[in-house]
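Scroll down for the structure; my scribbles are underneath it.
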Amino acid sequence: MQSLWKSLLGGARGSNEGDLLGAVPLFEDLTTRELDAVQRLLHRRDYVAGESIFIQGEPGLGMYIIVRGAVSIQSEPSGRELVELVDGDFFGEIALLNEVIRTATARAKTDCTLLSLFQPDLLSLLDRNPRLGVKVLLALARLVGLRLVEVSDEVEALTRECDELRANATGA
C-alpha cells in the first residue's frame with residue numbers, strides 16, 4: 001500500500017526551488033516565465049518535527065511541495081502512516097479545486113521547509129493571467145484523472161483479492 005500512496009502523492013526532484021517547481025508534475029509544462037509567475041504565489045514555511053501541517057477532517061485550503069525534509073501522511077485516529085514523502089514530493093492538490101475535507105493528517109516527520117499554494121492564490125492567478133491559470137488547472141485535471149485511475153485499479157485489485165480470500169475461506 002505504501003507504493004500506491006507514494007505514486008499518488010509523490011512528485012518531483014530538483015536541486016533548488018526553481019528546479020523543484022518545474023519538476024512538480026502540475027507545473028512541468030510551464031515555461032520559465034510562467035514558473036516565475038507561479039513561484040511568486042507560493043508561501044514558504046518551515047515546520048519542526050512533529051508539527052501538524054493539516055489534520056484529517058479539516059477543510060483543505062491548498063497544496064504543499066516539500067523543499068526539504070520528510071512529511072508523514074497518516075490515517076486518524078490510529079496515526080498509522082500511509083506514506084512518507086520527502087524532498088520534491090507534493091500533496092494536497094485536490095484542495096486547489098475545492099475546499100474538500102482532508103482525508104488524512106500531514107505531519108512533519110523531520111524539520112522541513114514547504115512551499116504552499118492556496119486556492120485563493122490560484123483563483124487570483126486565473127483573474128490576472130487566465131491563460132496561465134487555465135494551463136495550471138488543465139494540468140491539475142490531468143493529474144487528478146491519472147490518480148483516480150490508479151486508485152480505481154488498486155481498489156479493483158483489492159476487491160479481487162478479498163473475493164479470492166472469501167472463496168478460499170468458504171471452500172475450505
Side-chain angles (χ1 to χ4, degrees), residues 1-47 53-54 59-74 81-100 102-155 157:
M1 193 60 111
Q2 169 97 358
S3 62
L4 170 68
W5 283 103
K6 187 69 171 174
S7 75
L8 290 177
L9 300 172
R13 298 289 181 267
S15 59
N16 63 43
E17 285 182 31
D19 291 342
L20 178 73
L21 191 60
V24 171
L26 190 56
F27 307 120
E28 67 187 0
D29 292 332
L30 301 184
T31 66
T32 302
R33 185 180 209 171
E34 291 169 332
L35 284 171
D36 288 343
V38 169
Q39 193 158 10
R40 287 190 294 275
L41 298 174
L42 299 177
H43 306 272
R44 182 186 176 102
R45 179 160 176 229
D46 294 320
Y47 292 83
I53 298 157
F54 57 74
L61 302 175
M63 72 170 286
Y64 299 84
I65 303 165
I66 303 170
V67 175
R68 176 193 58 79
V71 171
S72 177
I73 305 298
Q74 303 170 345
E81 183 173 90
L82 301 172
V83 67
E84 177 183 312
L85 302 173
V86 295
D87 301 8
D89 290 335
F90 64 97
F91 57 98
E93 68 283 351
I94 295 295
L96 291 175
L97 296 173
N98 61 28
E99 293 177 10
V100 297
R102 296 290 188 186
T103 58
T105 293
R107 187 166 284 118
K109 198 165 186 173
T110 65
D111 290 351
C112 58
T113 301
L114 303 180
L115 298 174
S116 53
L117 176 65
F118 297 112
Q119 187 186 56
D121 301 319
L122 180 58
L123 295 176
S124 172
L125 176 64
L126 279 164
D127 285 340
R128 285 191 330 274
N129 189 339
R131 183 181 170 125
L132 176 55
V134 167
K135 210 170 172 181
V136 171
L137 283 176
L138 185 56
L140 178 60
R142 286 184 185 131
L143 180 65
V144 169
L146 288 172
R147 290 182 174 184
L148 182 60
V149 168
E150 288 179 12
V151 168
S152 180
D153 290 347
E154 183 69 17
V155 167

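Just so you know, these numbers come straight off a predicted model, no measurement behind them.
At a threshold of 4.5 Å between non-hydrogen side-chain atoms, the residues V71 and Y47 do not count as touching. Within the 4.5 Å cutoff, the side chain of Y64 has no heavy atoms near those of the L85 side chain. Side chains of L143 and F90 form a contact here, defined as non-hydrogen atoms less than 4.5 Å apart. Side chains of D111 and D46 form no contact here, defined as non-hydrogen atoms less than 4.5 Å apart.
With values rounded to the nearest 0.5 angstrom, I73 atom CD1 is found 11.0 Å from K109 atom NZ. Residue I53 holds its CD1 atom at 5.0 Å from SG of C112, rounded to the nearest 0.5 Å. Note that CZ of R147 and OG of S152 are 15.5 Å apart. Values are rounded to the nearest 0.5 Å. Expressed to the nearest 0.5 Å, how far CG of L140 lies from CG of L97 amounts to 4.0 Å. Between the CZ atom in R40 and the CG atom in L35 there is a gap of 10.5 Å [rounded to 0.5 Å].
Of all the heavy atoms in G88 and L20, the pair that sits closest is CA-CD1, 3.1 Å. Closest approach of F27 and I65 over heavy atoms only: CE1-CD1, 4.0 Å. When all heavy atoms of M63 and E93 are compared, the pair lying nearest together is CB-CA, 3.5 Å. Nearest heavy atoms, A37 versus L132: CB-CD2, 3.7 Å. The two atoms that bring G62 and A95 nearest to each other are N-CB, 3.4 Å, heavy atoms only. Contact between G60 and R102 at its shortest, heavy atoms only, is CA-NE, 3.3 Å.
With L137 as the fixed residue, the side-chain contact (heavy atoms from CB on, under 4.5 Å) test singles out one of L122, L96, L26: L122.
Remark: K135 engages E34 in a side-chain hydrogen bond (donor to acceptor under 3.5 Å, both in side chains) (not counting sequence neighbours).
Side-chain atoms of D87 never come within 3.5 Å of backbone atoms of I66 as a donor-acceptor pair (strictly under, hydrogens ignored). In this structure, the side chain of D127 does not engage the main chain of S124 through any donor-acceptor pair within 3.5 Å. Although no hydrogens or angles enter the test, the distance criterion places a donor-acceptor pair under 3.5 Å between the side chain of T110 and the main chain of A70.
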L42 and L21: CA distance, side-chain angles, deciding distance, side chain to side chain contact (heavy atoms under 4.5 Å, CB included) verdict: CA-CA 10 Å; L42 299 177; L21 191 60; 3.8 Å; yes

Walk me through whether T113 and R68 qualify under side-chain hydrogen bond (donor to acceptor under 3.5 Å, both in side chains). CA-CA 5 Å; T113 301; R68 176 193 58 79; 3.1 Å; yes

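Sequence neighbours left out, the pairs with a member in residues 118-142 that pass ring pair (Phe, Tyr, Trp, His ring centres under 6.0 Å) are H43-F118.
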